[in-house]
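Numbers restart at 1 for each chain; the letters A, B, ... are given by sequence-line order, proteins then strands.
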Amino acid sequence: MKKLKYAVLILGCALTSQLQAAAITNGDFATCDFSGWQQESDFGAPLAGSNDLSINGSTPNCSAQMNVDFGGANDAFVYTALSQELDLSGATDSSFLLTLDFDVSSDLTSPDPSFIADYFFVGISNGTGNFTSGLFTTADVDGSLDYNLSFLLDSSFANQNGIFVEFDLFLGVDLDNRTDFSGSSLNINNVSLVEVAVPQVPEPSTLAIFALGLAGLATYRKKNI
Amino acid sequence: MKIFKTFNGTLCALLLLFPQLVMADWVDVQNDITISTTRPSIDRATREYIVYVTITNSGTTTIPGPFRILVANANLTVSSEDGMSTDDIPFFNVASQEIASGDSIETKVRFVFDRRAISFDATLQNLDPNTATYVEAEGGGAGELLYMGSEFTLTDGDPSYVSINSTDANEPTDDNRVVQLGITFPQAANYELYVRLRVGPDAANDDSFFSPSGFGVNNGWISINSISGFPAPGESGYQPNEPVVGGGSSVTQVWKWVKLAGTVYTVPEGELTQTFRFAGREDGLDIDKFAFAQEGVLFTIEELESGLAGEVVPPPEPFVPQGPPMADGKDKFVGGVCCGRQAVNFTAYWNQVTPENGGKWGSAEPTRDVFNWTELDQAYNMAKDNGYIYKHHVLVWGNQQPSWISALPATEQLEEILEWYNAVNDRYADIDFIEVVNEFDNDPPNSANNGPGYIDALRLFAPETTTELISHYVGLGMDQSAAAAQAARFDWIINAFQMARNIFPATTKLMINEYSVINTGSRTSLMIELVELLDERGLIDAIGFQGHAFSTTGNNQNMLDNIDRLAATGFDLYVTELDIDGPTDLIQLMDYQRLFPMFWNHPAIKGITMWGYLPGHWRENQGAHLAFENGAEKPALVWLKGYVRGVLPLVTAPGNVETSNSVTAGTAVVDLETTTINGSAHPDGETITWSILGGSGAELFAIDANTGEITVSAGLTLSSYNLLVQVQVGEYISTLLDLNITVEGGGVPEPTVITYDFISGLQGWRGDYGTTTVVNHNPAEQAAEIVADWSVTSQNVIGQISETDYTGASIEYTIRVTQAQVDAGMTAQGYVQTGAQGSYARMYGPVVPLTVGVNTFTFNPTDNGNNDITIIERVSLQLNGSLAATPAELDTILLDKVTVTLPFIAPPTTVEYNFLTDAEGWRNDYGTNSVVGYDPAAQAAEIVPDWSANSQNLIKQISQADYAGTSIEYTITVTQAQVDGGLTAQGYVQTGDPAYVRMYGPVEPLVAGINTFSFSPTDSGSGDIAIIERIALQLNGPLTDGTADTILLDNVTITFP
């Protein structure tokens, strides 16, 4: 079931106008499978019989679910990752708006004495877990939270290859390598990439801001359990 | 291995920033920042944990970079670090160059993957803001090459550098001689500029370029000419730990660092990237890189070379000097060199102008028939616009001459010399003095030492001069060969002067100039011989002798004797190039007070020219400058201007002060008084400030800054102390009062013990000047750590002290040496040394063999026969050995302690001048014409009177002493004719500069033959009896008979109470 979204903020929306939908494959998992997406857990493909990655819902309202720390014999012992290279083809002065709609939940919450939080990284990467500095978000998975993230990729990204959107869900361990074996999930509802046109901005300071490449804002609400 | 790892890591990191540097100074960021870290993600390609570190500037000011993150105390192995700190902590560089207030920056740190939570401490460091920003001349470092004109060549290598291919002394009119760089600075600030460059083999023709007057493309140009600098390590002339200030060595064909003065480059907030341009002026100059350092940061050569932080030197308080020039209205001048950096506030101090480098032929005509009069015009106009005397420097010399002259045949050289003379005369119609030949003995214009080689061309002007001189010397008894050799010393000079006489108007006075004259009897004689030859031909009008620091060594009396000899030629004398080094302000002040009055008061010396007084001074590295560009004055200048203006405040000398060893701290010893130069009270409202600047009792006594009352501040022992006391009244300071305090009381007089224990510092000890020995403080060992340079066979370390009598002294040294050093044959030797006054004479102790571990040995200095033991200014240690081939660990020796024990020296009871061997320094008073010789048969000083004056005055100069209660007995022998003619005698004593107050005894009638009479000087009422500097005898006339007879002074005996 889709969770309630409380807000969507898009940086630079006042400055941009949508041109066309850029290519991202199966961003809303409408095909109810992982086509277009690169799946991985613990330095390899998820093991058969694991719960690392799964599809929820039914056509056309599916979402992808990532799990860690459920303790199954074939389950990920370190991380689960899902990524897709972005198709950033477009005009040389085009920017791109990337939106991410997902939610997370954990079996335990922080007051639980056995709680060792699992955590996640979401953002722009090289596809192997190396997130571009300044372009990611991370948080403990502690109860349930909805996220809507919007990133504006400036024209320096246009027509670049090797740039991925990536979701990594990590199993929390302590300094002695212990975990609580209480699972956490990250459910991806939708990922979209839209080419937008950005008006010429002559001021160097403004250009410098956009030269950072991307900025993100998110809203979330901790849900009552 | 730790050492290797540290070096390797640091090197790798810094190569990113400074391609040719091996180190840099990083410091923890002290600003308000927060550092947050994420939990780790995993780089699946490298199987590394990545932790994202965010630093937020929570303060209100921008924090300058570059930055790096240190990762300490990590529970996992750090991976892919950019380097290791000097403390062996891995670090990761941060790309950002600054963090604005409220902003955050982010970087990644990596660890070897191990499924565990990560714990570590992250520390943000930035380069010490006192580290310079380095820019390669060809682009690189913090600078990007934007444009390089066609007149430059880039040479790749280590280092890579740009060379200027053409010579044009004029400012560039297009960009062919311009290089343009875009430089990104770490922070907004005012920057001073250092340059690493190499002057080519043609020296004065390879040593200039244009720097910009500011950033940007429309700046003006500043000619940087006659470049001196500080050779880099490994280069000829390299001196460790030299501060890179103005001046330095003019050595060529070595890389050296130069500090460009006079321009500050401003980087405003928010405009960190600036355009910087430089331009070619003379070919043969190679430029490696620039270093922009924040204003007020001082670097050693090693710090610049290695990218280390310099030291912030607090700027002196700005000051606006008020004219007129100090010698305004006097009958002699005090001048300066102009212009360039020495032009600032010139007219507030100096009333005579000499061009410095601009007047040298090599500067004025660097290219044949192409003259650059810019600097000369400035100097000449400075003089003429202000009504000052203009003294031109210089027509003929063996240095800084045009390079093109050497290759010409002698006939063409002579044509060019005459053209040069005429060009100067044509352009400057009203030259008051001209130095025709400079350094005729030390640096003639022959081919030696890369000289211009036109000495024969000068001979060609009038070959008959040579013939005449040879005949002259043959006539004096020389054989032909010796006569020819002697003639060759002077013939070219005579011709050079004859040319000048022919070309310049009669109103221009012709001078000779030379250094190390008055401190060298033989050169004084040579100068006199030359002057007489010129005088015979009517070619000379004045004598100049340079007053550089190395030319005024030796005691004053010797110098005075030589000045008197020069004055006897009848020509006016000029001190042409005076500078006095200032290793400390006090030493410079004392040397000015010792030397300047000697020149200023000599009747034959008509003017003194300071050879610079501001930074940029050629001996700035020796501290010889007197003021700063912001107008702030060093103490020596404060004293000098008051002295010359005749407005010094006076301190009423109390004589020898006595106190007791039983007094307690706070007990008053003496209350000093000050008056105006005229002896009157200072006007109400004047600010009067007393201070003790030094002396053996400086730590034992205190002075009330407001009242001048001196009190005991520590326990006293039976001994005799001196205090150097100064009073400042308004703008001016007094001459130092050397106050003697004798501590009396019960018990046996105790010696003075001075201990250098090096517990908390070096206490002034260092490697001797001119050596490469380094002395550092080792706080762990609480010792002075001597870092030897065994490329030479002795290491000399010194502790500099104020002038002290070391008669009967004992010095104990404690040093620690290793077995390897002992095995290598190292020995030690104590010694003491005079300062400049004693020509730096050393008095050594025995060579002491050493054993491993702690060695303690004692040395009792003995005099060298010149009484230099009484004027010691350095306690020293010499380590001897031939350890060059031995391992580096032999280079460190620990000096734990030096203890100096000075015996109590009771004041003398009698001083006798018995004239058994010579006149013992008695002479005629200045400005009188009697002659004092010596009669060995009579064993008496022989006075040849000049009764054109009514009295004959004989003086003996002495160190300042208290003559209260003394009795002076004179024995003189006179003739019957003199008695009949009315001769009488009168003893007197006299103070020194500035008042020269005389205290006379009664007029004594005389009888024929031996007369003995005595008198007890009484004070004049101003305390002058305590500061006597001359014992004197006056013979009164006029005589009606016996005027041709001499008078014998047989004996003078002073009895002290």
Minimum heavy-atom distance A:N130-B:Y52, with the two atoms named | C-OH, 4.0 Å
Please look at A:A139 and chain B and tell me whether the side chain, the backbone, both or neither of the residue comes under 4.5 angstrom of a heavy atom of that chain.
-> neither
Which answer fits A:F120, side chain, backbone, both or neither, if we ask what part of it has an atom under 4.5 Å from a heavy atom of chain B?
-> neither
Would you name the heavy atoms of A:F43 and B:R47 that are closest together and state the gap between them?
-> CB-NH2, 3.3 Å
B:N75 versus chain A, heavy atoms under 4.5 Å apart: side chain, backbone, both or neither?
-> side chain
A:A81 and B:R44: which non-hydrogen atoms are nearest, and at how many Å?
-> CB-NH1, 3.8 Å
Heavy-atom distance under 4.5 Å between the side chains of A:Y119 and B:P40, does that happen here?
-> yes
Can you name the nearest heavy-atom pair linking A:D118 to B:R39, along with the distance?
-> O-NH1, 3.9 Å
Locate the shortest heavy-atom distance separating B:S119 from A:L175; write the atom from each residue and the value.
-> CB-CD2, 3.9 Å
Taking every heavy-atom pair that is under 4.5 Å apart, which of A:T128, A:V78, A:D140, A:V173 has the most such pairs with chain B?
-> A:T128
Heavy-atom pair with the smallest gap, counting every atom of B:S41 and A:G129 = OG-O, 3.5 Å
Side chain, backbone, both or neither: which part of B:I118 has a heavy atom under 4.5 Å from chain A?
-> backbone
